[in-house]
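The first residue in the sequence is number 1, and the count goes up from there. Side-chain atoms are counted along with the backbone in the values below, which use heavy atoms only and exclude waters and symmetry mates. We count ligands from 1, going down the list as the structure has it; atoms in each ligand are counted the same way.
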Amino acid sequence: MRTTNFSSDGVNKFPSFAALWDLESGADFLNHGSFGACPREVLAYQRELIGELERQPVRFLTQKIQPLLDESRRILCRVINAPVEDVVFVQNATAGVNCVLRSLRFQPGDEILVTNHEYNACANAAAFAAERAGAKAVTVELPLPVDAPGQVVEAVMAQVTPRTRIALIDHITSPTALVLPVEELTRRLQGQGVDVLIDGAHGPGMVPLHLEQLGAAYYTGNCHKWLCTPKTAGFLYVRPDRQEGIVPLIVSHGYNSPRPGYNRFRDLFDWPGTLDPTPWLCVGRAVEFLEKLLPDGLAGLMRRNHALAVWARRMLAERLGLTPIGPEEMLGSMAAFQLPDDRPEDRDLPLPPPPMHRLTDVLWKDHRIEVPVLYWPAAPKVVLRICAQAYNAPEQYVRLAEALEGKTAKPRAAV
Ligand SMILES: Cc1ncc(COP(=O)(O)O)c(C=O)c1O
């Protein structure tokens, strides 16, 4: 027997802001986590900036850009609580991870720790950096499901050896949607002399960040996911004592052109050659947009999204009997479930990466629901992930439950 009337309970608590986005109509978009989605107002601002740039490219790219970039960095640093001297823009979190791992000089026999929940692209960057130096990428196996944050800490610490140089730790894991205990991991790992590189692709805009206080040697994140900027806005924070030797993937003018008032770290990164800088320049507008959705600003929005993810997870688990992957205390604005193991006849072409289950396509084609279903860690195990952003509402997860129950046999008409 169901104990909670999930649909009416949720509908009242979570007003949706979907009208402020231009997402495909008639569809339930429950996958903000993969690539984010930019609201109409912020896209309009980006178009204004592109227009201004193209009307006078030389003035814009040689004179106007730096104050705009500095203003964007100032606003980003307010959100992530880091000094402006220690933060540079990169295109995305993959670039941030690559930049650190490819700048460091590893010795043969050195070890780079990653977990088996790490995002494939970034785990590859660790494998590449290790291989080319004759070092080793060591993968920590985390349990599935995870019962408590302490299990993650113990599993990681158990793999530390005198050769461990750096640990690449997700702040929020991608396939399993868990907020890892980065504070404790950073304290314990760095206490043993192992620098921590945090892959915070989902961090900004999903969970409160205090990077200076956290004290990790390196933290990279995306603005184009939970801060809702246009795509290709990422950043890299490097603690001052680790900035020397960290070079961008693209070495450019800044290498021999120091500027008054800027440290070398920002000189190196601020001009990576001609590119479209407008995603970075939209950070302020995107933060302002998110801040004004609810009376208590971005903090309130993060709480709302978290509460919606928790609500949806409980509803789906209760209604479908799915196994949630971790405890509620490890949730941000996403949640993942283990589905029953796949039957061999249902298996699809697991095209890596990531090996998507064919249910992803079925849900889209038959029900207009966008939600990732993956083989994880490997077939026959199947994982489904939901996300909750300002444009999502409880009834969308109810439709997902119905689709998974096979109740909505016919596709809904597009509206
Ligand atoms: C944990 C994690 N790291 C890195 C990335 C890569 O982000 P990007 O493609 O923007 O570099 C993702 C993307 O989903 C992710 O979930």
Legend entry - Note: E244-R264 ion pair, threshold 4.0 Å (strictly below): no
Legend entry - R163, R132, R105 screened by salt bridge (Lys or Arg N to Asp or Glu O under 4.0 Å) with D110, the one that passes: R163
Legend entry - Ligand-side contact atoms (ligand 1) for residue partner A201, heavy atom cut-off under 4.0 Å: 2 (C), 3 (N), 4 (C), 5 (C), 12 (C), 15 (C)
Inset, instruction - Could you tell me if any non-hydrogen atom of V97 lies under 4.0 Å from any atom of ligand 1? - result: no
Inset, instruction - Using a strict 4.0 Å cut-off to heavy atoms of A93, name the atoms of ligand 1 that fall inside it. - result: 11 (O)
Inset, instruction - Would you check whether K225 has a nitrogen or oxygen atom less than 3.5 angstrom from a nitrogen or oxygen atom of ligand 1? - result: yes
Inset, instruction - State whether E71 and R74 are salt-bridged, where the test is any N-O pair (Lys NZ or Arg NE/NH1/NH2 against Asp/Glu carboxylate O) under 4.0 Å. - result: yes
Legend entry - Test log, rule salt bridge (charged side-chain N to carboxylate O under 4.0 Å, His left out), inputs K365 and D361: CA-CA 6 Å; K365 288 189 181 129; D361 257 0; 3.6 Å; yes
Legend entry - Contact check, H224 vs ligand 1, heavy-atom distance below 4.0 Å: yes
Legend entry - Proximal ligand 1 atoms for C122, defined as those under 4.0 Å from one of its heavy atoms: 4 (C)
Legend entry - Side-chain donor/acceptor of T220 to backbone N/O of D199, under 3.5 Å: no
Inset, instruction - Only heavy atoms count here, so choose which of V90, N120, T94, N98 is nearest to atom 8 (P) of ligand 1. - result: T94
Legend entry - Numbered atoms and elements of ligand 1 in range of I172, under 4.0 angstrom, heavy atoms: 1 (C)
Inset, instruction - List every atom of ligand 1 that sits less than 4.0 Å from any heavy atom of D170, numbering the atoms from 1 in the order shown and giving each element. - result: 1 (C)
Inset, instruction - Indicate the atoms forming the closest heavy-atom contact of Q190 with V196, along with that distance. - result: OE1-N, 3.1 Å
Legend entry - Proximal atoms of ligand 1 relative to N92 (non-hydrogen, under 4.0 Å): 8 (P), 10 (O), 11 (O)
Legend entry - R73 side chain to V87 backbone, donor-acceptor under 3.5 Å: yes
Inset, instruction - Report the nearest protein non-hydrogen atom to atom 6 (C) of ligand 1: residue, atom name, distance rounded to 0.1 Å. - result: Y119 CE2, 3.3 Å
Inset, instruction - With ring-ring contact (aromatic ring centres under 6.0 Å, His included) as the test, would you mind laying out the steps for W226 and F35 before giving the verdict? - result: CA-CA 9 Å; W226 297 87; F35 304 109; over 10 Å; no
Inset, instruction - Would you check if W376 and H117 make a side-chain contact, meaning some heavy-atom pair closer than 4.5 Å? - result: yes
Legend entry - Heavy atom of the protein closest to atom 3 (N) of ligand 1 (residue, atom name, distance): D199 OD2, 2.6 Å
Inset, instruction - Tell me which protein heavy atom sits closest to atom 16 (O) of ligand 1, plus the residue, atom name and distance to 0.1 Å. - result: H202 NE2, 2.7 Å
Legend entry - Backbone of S333 reached by a side-chain donor or acceptor of H306 within 3.5 Å: no
Legend entry - Part of T173 within contact of ligand 1 (heavy atoms, under 4.0 Å): neither
Legend entry - For N222, the ligand 1 atoms whose distance to one of its heavy atoms is below 4.0 Å: 7 (O), 8 (P), 10 (O)
Inset, instruction - Report yes or no: does a heavy atom of A121 sit under 4.0 Å from some atom of ligand 1? - result: no
